[in-house]
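Below: the structure, in structure tokens.
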Amino acid sequence: MRLSTVILPVNRWSEGGRAQWTRAEDLGFHTAYTYDHLSWRTFRDGPWFAALPTLTAAATATTRLRLGTLVTSVKARSPITG
């Protein structure tokens with residue numbers, strides 16, 4: 001059986017963000033996902049980091065864990081203006 005988890009992008013990489021992704025791999029999860037929203041419910045007043053840079057950082061810290069987004073928001077960013 002393959003299990004997956006969701007890791008919200010609310011922690012700075014140096015303040016526990018990296019540890020969450022490596023812990024997910026250490027626990028044997030097959031895939032870890034994050035959200036690509038601008039904010040999420042109770043976290044709207046705190047930091048919320050972009051999904052693709054978060055996944056890029058997670059890829060540098062893990063070796064076996066598959067990574068992905070549960071939602072990718074195309075309206076939040078223009079492909080032309082960034």
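- Between the side chain of T5 and the backbone N or O of A32, no donor-acceptor pair lies under 3.5 Å.
- Using a 4.5 Å cut-off on side-chain heavy atoms (C-beta onward), L55 and W21 make contact.
- Looking at heavy atoms from C-beta onward, F49 lies out of side-chain contact with V10 at the 4.5 angstrom threshold.
- Atom OH of Y33 has 12 or fewer heavy atoms from other residues, nucleotides or ligands within 6.0 Å.
- The nearest pair of heavy atoms linking Y35 to P9 is O-CG, 4.0 Å.
- Remark: R23 CZ to T62 OG1 distance equals 15.0 Å, nearest 0.5 Å.
- Heavy-atom minimum distance, N11 versus G17: CB-N, 3.8 Å.
- In this structure, T54 and W13 approach most closely via the heavy-atom pair O-CZ3, 4.5 Å.
- For E25 against A61, the heavy-atom pair with the smallest separation is OE1-O, 4.4 Å.
- If you chain together hydrophobic residues whose side chains sit under 4.5 Å apart, L67 and L27 fall into the same group.
- Of all heavy-atom pairs spanning L65 and F29, the tightest one is CD1-O, 3.3 Å.
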